[in-house]
Amino acid sequence: MTAWAVAERRRKTTGNFSLGHPEDLVTSGPYALSRHPMYLGWWLIHAGVALGRGSAWASATLPAGILVEHLGALWEENVLRERFGQSYADYEKVVPRYLGSPAWLMRTSFHTARRPTPAATAIDKGKAHAEGLQNPPKGTQMIAPAAKNAAT
């Protein structure tokens, strides 16, 4: 889960990759299932070590690790709300913090993880509109209003 989340963040980065400073809100891949898939992945690794190795130390430290990372997730959400505004607010309404109910997971499924979420679709529409204003489609000619009136 953690590796998938990092790979998806990297795939969505166009410039220099900085894990702590995303250039855009990523809502695809594991981020369509969880707002914090990296934390979820670390918890699964921690729990796997505790169970798989029978480690008393890993078992004892798991609750503290979850608590500390949960507090970090809450802090991150505040930063993301400030940075991405309404886009993040829309994303919060659709995607659970860690994992949804089993019914939600069945509806969402891993097949859906590649499809854009409603928040991603809204973000993409806004970008496409802005790009369309700056870069008209090939084969079209933008005529300034004054030039158009002079030609008629």
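The basis for the numbers below is simple: all heavy atoms, side chains too, and nothing from hydrogens, waters or symmetry mates.
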Over all atoms of both residues, closest heavy-atom pair of [X] and [Y]:
X	Y	value
Glu8	Gly29	OE2-N, 3.8 Å
Leu99	Leu40	CG-CD2, 3.6 Å
Ala47	Leu62	CB-CD2, 4.0 Å

Hey, are Asn78 and Glu82 close enough side-chain-wise for a donor-acceptor pair under 3.5 Å?
no

Quick one about Tyr39 and Glu76 (side-chain donor to acceptor, distance below 3.5 Å, no hydrogens or angles considered), yes or no?
yes

Whether Thr2 side chain and Met38 backbone form a donor-acceptor pair below 3.5 Å
yes

With no hydrogens and no angle check, is any side-chain donor or acceptor of Arg35 less than 3.5 Å from a backbone partner on Val95?
yes

Which donor-acceptor pairs under 3.5 Å do side chains of residues 67-75 form with protein atoms, sequence neighbours excluded?
from: Glu69; atom 1: OE1; to: Trp43; atom 2: NE1; distance (Å): 2.4
from: His70; atom 1: ND1; to: Tyr98; atom 2: OH; distance (Å): 2.7

Begin from the C-alpha positions of Ser34 and Met1 and carry the test side chain to side chain contact (heavy atoms under 4.5 Å, CB included) through to its verdict.
CA-CA 10 Å; Ser34 169; Met1 179 69 89; 5.7 Å; no

Go through Trp4 and Leu33 one step at a time and tell me if the side chain to side chain contact (heavy atoms under 4.5 Å, CB included) criterion holds.
CA-CA 12 Å; Trp4 184 24; Leu33 302 172; 4.2 Å; yes

Say you draw a straight line from OG of Ser87 to CG of Asp24; how long is it, rounded to the nearest 0.5 Å?
9.5 Å

Taking Tyr88 as the fixed residue, which of Arg83, Lys93, Glu77 is the one that meets the side chain to side chain contact (heavy atoms under 4.5 Å, CB included) rule?
Glu77

Which pairs, with at least one residue in residues 48-68 and sequence neighbours excluded, count as a side chain to side chain donor-acceptor pair (under 3.5 Å)?
His46-Thr61

Could you tell me whether Arg97 and Glu92 have a side-chain N and a carboxylate O separated by less than 4.0 Å?
no

Tyr91 and Tyr31: CA distance, side-chain angles, deciding distance, side chain to side chain contact (heavy atoms under 4.5 Å, CB included) verdict
CA-CA 10 Å; Tyr91 175 61; Tyr31 293 94; 3.5 Å; yes

